[in-house]
Amino acid sequence: MKSKSILRGKRTHFCGELRKKDVDKEVILFGWVNRIRDIGNLIFIDLRDREGLAQVVISSEQKDLLGKAKNIRMEYVLAVKGVVKPREEGMKNHELATGDIEVLVKEMEVLSQSETLPFVISDPVKATEEMRFKYRYLDLRRPSMQKNIRLRHRAALIVRNFLDKKGFYEIETPFLTKSTPEGARDYLVPSREYKGRFFALPQSPQLFKQIFMISGFDRYFQIVRCFRDEDLRADRQPEFTQIDMEMSFAGQEDVFSVTEEMIVCLFDLIGARLSRPFPRLTYEESMERFGTDRPDLRNRMEIIDLTDTGLRIDSRIIRSVLQSDGVLKGLVVQNGKNLSRSRLDKVEKRARGLGAKGIIWIKKEKQTFTSPLRLKNEDFTQIWEKSKAGEDDLILLVADKKETALRVLGELRTDFFYQEKTDSTDFQFVWITDFPLFEWSEDENKLVSMHHPFTSPKAEDMPELEKEPLKVKADAYDLVVNGVEIGGGSIRIKDRDTQERIFRVLGLDEKEQENKFGFFLKALTYGAPPHGGIALGFDRIVMILAGEESIRDVIPFPKTTSSLCLMTDSPSEVDENRLKEVGIQIIKKNKGGKNDE
RNA sequence: GGGGUCGUAGUUCAGCUUGGUUAGAACGCCGGCCUGUCACGCCGGAGGUCGCGAGUUCGAGUCUCGUCGGCCCCGCCA
């Protein structure tokens, strides 16, 4: 047996950090076998660790080593002791940060072996996302994933250091808490000691952070997990992380200022220089011009209002819409003249899918117009001039209820933009302000909070709260970058009376208020400072910093779009006894899957 | 809950339109050769429940229905 293990020695370097300056040094490296190039009497191994790759060389001058190296396979874990040698010109690998040197092996130990891998660890990845999830530990070995997770760590560190400097305390809040009636579906946790009663995992620490303000901590933040039991998307996971913040004696400007400064620090991580202050749009303006409350301002297209023009032109279809409270909205597609008929059919289909009854396109050739809509030439000309369309452009029109027309054209505006190459180093931030306090839920047939029920109405709208609730604006705001909503917040209600008025408008009777929010209403009566805050989507911010298109690529262990964890195979069934313990009886199983008998 | 799309070797895919020999390729894996490779190269080999279940048919990877799973979107996400 060998007397002494390399492990007795200390690692001297990470593989990825070796450079020319390390030539002639004796080094000890630990790492995974990324690739083997066996030339016969000469073997090259790319050894990989957190920091990168280094080429280690075993030659026939050491017969015993060579024999040992012949048995090495991909992803074996090795300890290597050797000397750093310069590479001759022509043998350098300029693709590799460590490409000027290599390590001539003197001693080598296999610390761990590896079975044949389900997929090769490479960037860009060649495995499907399904495979990557199942073998997440292997997927995470890929340099790009390592980079994303490191970036996430550094972003969190910047947030902590920055907010600490600004006087924020990082304070934790409970995960086992109370189910709330409004908002997203809660994840429920049964109570063993009180059968039939449940904790809920927090959708956000909203009330706790407001209570911190009432408790006098003045400024709070937390990088905190939030849970929402809703369907998923590329930018939505059932558990996600927020940078949650709250400030006392602060108004909107204070929240904007500290948030912007922090965002600037975060984007400095990737060398992006942002200019402040960020532009602002009211909700109303954003909807009118972009058809969405999270506009991508890199996209210069804007929706135009043609309702007045529509009333003047001779079209029964358009007139009938406009006379029943509808609007005529348009979108100019630059150089859209050459869009094929089948492409236009797709646009039409998409518009119908979004709820439009149809869409009208107009093309121009010299002085004549082509369109499925039959109009007099001078009417087409009116529209064309009002739209300020150019010769090679295409005009899209939607005549519908205002909300529908704006939404449809807003989506089409986005579709057209993403078919072009977008500049990934251009970050267009915008604050959306003055959101409505309430919106009408067709589903539940009642008013619901647009933000959340603790949001302060604008002072000047207070008298209208009960009479015209849908016209009341809130001191609420969102932060948007390149069409992604990365945060939202508001100035909060600070007195019990206002809070109760809001609850009443939302249809919560006194008993319900007491039952769900009694503790909070009471807290508001003992000296609540004016306060407000914001919550930023940490995963989304890291996603944008990393240049990824899904937050799954910046979350170590994400769920699939159907809320499954393929690595642990959860959720899974539990023993009958465990269920009994928490007083739960399964009524009916669905999704027969693997867990069923 | 709805729509779209995908599921074939360990992996990534082709084959499916128009049903019909032994289901192919690349990478990986196994064996051999190779002293300057770096996606090493060359030679040879093993490897398939065509996701699962029904149906149509003389015959199904291919057509139909159902189901499970991945991804995208709508609803939903205060």
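Chain letters run A, B, ... following the sequence lines, proteins first and then strands; every chain starts at 1.
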Mapping A/Asp46 and A/Asp231 onto RNA chain B by nearest heavy atom, which one lands closer to the 5' end? A/Asp46
RNA chain B: A/Leu354 or A/Ser449, which has the more 5' nearest nucleotide? A/Leu354
Do [X] and [Y] have ring centres separated by under 6.0 Å?
X	Y	value
A/Phe256	A/Trp431	yes
A/Phe435	A/Tyr477	no
A/Phe14	A/Phe30	no

When the [atom1] atoms of [M] and [N] are compared, how many Å lie between them, rounded to an integer?
N	M	atom1	value
B/G3	B/G66	P	10 Å
B/U56	B/C63	C1'	8 Å
B/C76	B/G19	C1'	43 Å
B/C65	B/U18	P	15 Å
B/G61	B/C77	C1'	40 Å
B/C16	B/G10	C1'	24 Å

Looking at [N], which nucleotide sits across from it as a Watson-Crick or G-U wobble partner, both distances under 3.5 angstrom, or is there none?
N	value
B/G41	B/C33
B/A26	B/U11
B/C63	B/G55
B/U5	B/G70
B/C50	none

Compare the minimum distances between each of [options] and the side chain of [X], then state the nucleotide with the smallest one.
X	options	value
A/Glu230	B/G36, B/C76, B/U11	B/C76
A/Thr116	B/C77, B/C29, B/G70	B/C29
A/Ala234	B/G70, B/C73, B/C34	B/C73
A/Lys70	B/C77, B/C38, B/C34	B/C34
A/Glu129	B/G31, B/U37, B/G70	B/G70
A/Met91	B/C77, B/C73, B/G36	B/G36

Find the distance [X]:[atom1] to [N]:[atom2] and express it as a whole number of Å.
X	N	atom1	atom2	value
A/Leu66	B/G36	CG	P	14 Å
A/Met131	B/G10	CE	P	10 Å
A/Phe227	B/C77	CZ	C1'	16 Å
A/Ile121	B/U12	CD1	P	14 Å
A/Asp139	B/G10	CG	P	20 Å
A/Leu104	B/U35	CG	C1'	13 Å
A/Arg73	B/G10	CZ	C1'	16 Å
A/Leu232	B/G75	CG	P	15 Å

On a plain distance test, is the side chain of [X] in donor-acceptor contact with the base of [N] below 3.5 Å?
X	N	result
A/Glu102	B/G36	yes
A/Arg552	B/C71	no
A/Asp443	B/G75	no
A/Arg228	B/C77	no

What is the nucleic acid contact for [X], judged by heavy atoms within less than 4.0 Å: base, sugar-phosphate only, or nothing?
X	result
A/Asp229	nothing
A/Phe454	nothing
A/Thr561	base
A/Pro118	sugar-phosphate
A/Lys92	base
A/Ser204	base
A/Leu564	sugar-phosphate
A/Gln55	base
A/Arg87	base

Could you check A/Arg228 against A/Glu239 for salt bridge (charged side-chain N to carboxylate O under 4.0 Å, His left out), going step by step and ending with a plain yes or no? CA-CA 7 Å; A/Arg228 292 177 191 175; A/Glu239 46 179 315; over 6 Å; no
Does [X] place a side-chain N or O at less than 4.0 Å from the phosphate oxygens OP1/OP2 of [N]?
X	N	value
A/Arg350	B/C73	no
A/Ser562	B/G70	yes
A/Arg233	B/G75	no
A/Arg37	B/A39	no
A/Arg236	B/G75	no
A/Thr128	B/U12	yes
A/Asn93	B/C38	no
A/Thr560	B/G70	yes

Go through A/Glu75 and A/Glu115 one step at a time and tell me if the side-chain contact (heavy atoms from CB on, under 4.5 Å) criterion holds. CA-CA 8 Å; A/Glu75 297 305 311; A/Glu115 296 286 322; over 6 Å; no
Report yes if the ring of A/Phe119 lies under 5.5 Å from the six-membered base ring of B/U11 with planes under 30°, and no otherwise. no
Evaluate side-chain contact (heavy atoms from CB on, under 4.5 Å) for A/Val57 paired with A/Val103, printing each intermediate quantity in order. CA-CA 6 Å; A/Val57 190; A/Val103 176; over 6 Å; no
Would you say the side chains of A/Thr292 and A/Arg294 form a donor-acceptor pair under 3.5 Å? no
Using distance alone, with no hydrogens and no angle criterion, decide if A/Asp539 and A/Gln237 have a side-chain donor and acceptor under 3.5 Å apart. no
Give the minimum heavy-atom separation between A/Phe454 and A/Gln499, together with the two atoms involved. CD2-OE1, 3.6 Å
Would A/Asp553 and A/Arg132 count as a side-chain contact (heavy atoms from CB on, under 4.5 Å) if you check the C-alpha gap in whole Å, the side-chain angles of each, and the deciding distance to 0.1 Å? CA-CA 10 Å; A/Asp553 286 325; A/Arg132 295 174 54 201; 2.9 Å; yes
